[in-house]
Amino acid sequence: MAATPAELSKALAELLEAAGKDRPGLGLVPTMGALHQGHAALAQAARAENDVVVASIFVNPLQFDDPEDLARYPRTLEADLDLLGAAGVDLVFAPTEETLYPGGLPLVRVSSGSLGTRFEGASRPGHFDGVLTVVAKLLHCAQPPVPAAYRAYFGQKDAQQVALIRRMAADLNFPVQIRPVPIVRAADGLAESSRNVFLSPEDRRNALVLSTALRQLRDRAAAGRPLDLPAALELIREQDGVELDYLQVVDPLTLDPVPAGPEDTLTGPALALAAARVGGIRLIDNMELPV
Ligand code: PAF
C-alpha cells in the first residue's frame with residue numbers, strides 16, 4: 001500500500017517495469033472506500049484492460065458540503081483491501097489528508113462550471129469542484145512514471161460526475177482515457193451505493209420506485225413509444241417515503257434536457273437521471289435510453 005504520492009510513483013515504476021512491455025497499460029480506479037460490487041466491477045474492468053491496476057481510497061473532504069455527511073461516511077479499510085485484492089488490484093494508494101493536501105486544503109481548485117451547478121450540484125454547492133480537484137490530483141499522482149497507456153475508471157451511476165470528469169480531461173488535456181463502467185444493481189434492482197447500508201428494509205423497498213420509473217422510460221424508448229416523463233414522475237411522487245428531487249431526460253454529454261413529454265419520442269442518445277431522499281438518505285440512479 002502506498003500512502004504518499006512519492007511512494008505511489010516508485011511502486012508504479014516497479015510494477016510497470018515488471019510488466020516487461022514497451023507501453024504497458026495502467027488502470028487507475030479512484031474510490032472513497034466503503035466499497036461494494038459496483039467498485040469491484042470498476043476494478044475488474046481495469047484488470048481486464050491493463051497490465052497494472054492501482055486503486056485509490058481517499059474520503060475527500062472537499063466534496064462534502066455537510067460536515068455531518070463527511071463524519072458519517074463509512075470507513076471500512078480492511079474490507080476494502082479484501083475486495084480490491086479479490087478483484088486483482090496490484091496496488092492501493094491510500095493517502096491521508098496530510099499526505100494528499102500537505103499545504104492544507106488547496107487554494108486553487110478546478111471549477112466544474114455550469115455543468116456542475118445542476119442536478120446533484122444544485123443541492124450540493126461546491127461538490128463537483130471538490131470532486132474534480134481531487135480527481136485531477138489523483139490522476140496526476142498516479143500518472144505513469146514510464147511510457148504507458150493510462151486509463152481511469154468511474155462508475156456510470158454518478159453520471160454527472162462522469163460527464164464532468166470527461167469534460168475536464170478533454171478541456172484541460174489530461175493524458176488519460178476516461179472509462180465509464182455500467183451500474184451494478186442488486187437483485188431487487190437497486191443501484192449499488194455506499195449509502196444503501198443506511199436504508200431500513202422498508203426504505204429499501206420504497207427506493208425501488210426509482211429504478212422502476214427509470215425502467216418505464218427505458219422500455220418506452222426501446223419500443224419507440226413517447227417517453228411520457230410526467231407519468232414516470234407521477235409514479236415516484238405517489239410512492240410513500242420517497243421525496244423526489246429530480247427525474248429528467250437529458251443529453252448524456254451535456255446533461256441538457258431532452259424533450260420527453262407524452263408526445264415526444266427520442267431522436268438521439270439520452271439518459272434518464274433521478275435523485276430522491278428515502279428515509280433521509282439521498283439516492284441517485286440513471287439509465288441509458290435506447291434510440
Ligand atoms: O465517485 C467517488 O467515489 C468519488 O467522487 C471520487 C471520484 C473517488 C472522487 O473522490
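We count ligands from 1, going down the list as the structure has it; atoms in each ligand are counted the same way.
In terms of heavy atoms, Tyr150 sits closest to Leu138 at OH-O, 4.1 Å. The two residues Ala231 and Gln216 make their nearest non-hydrogen contact at C-OE1, 4.0 Å. In this structure, His36 and Leu83 approach most closely via the heavy-atom pair O-CD1, 3.8 Å.
Taking 4.0 Å as the cut-off between side-chain N and carboxylate O, Asp188 and Arg204 count as a salt-bridged pair. Using a 4.0 Å cut-off between a side-chain N of Lys or Arg and a carboxylate O of Asp or Glu, Asp90 and Arg47 qualify as a salt bridge.
Grouped by direct or indirect side-chain proximity (heavy atoms under 4.5 Å, Ile/Leu/Val/Met/Phe/Trp/Tyr only), Leu70 sits with Met32, Val59, Phe64, Tyr73.
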Tabulation required: pairs of a nitrogen or oxygen in ligand 1 and a protein nitrogen or oxygen under 3.5 Å; columns are atom names and distance to 0.1 Å; otherwise 'none'.
unit_1	atom_1	unit_2	atom_2	d
ligand 1	1 (O)	Gln161	NE2	2.8
ligand 1	5 (O)	Gln63	NE2	2.9
ligand 1	5 (O)	Gln161	OE1	2.8
ligand 1	10 (O)	Gln63	OE1	2.7

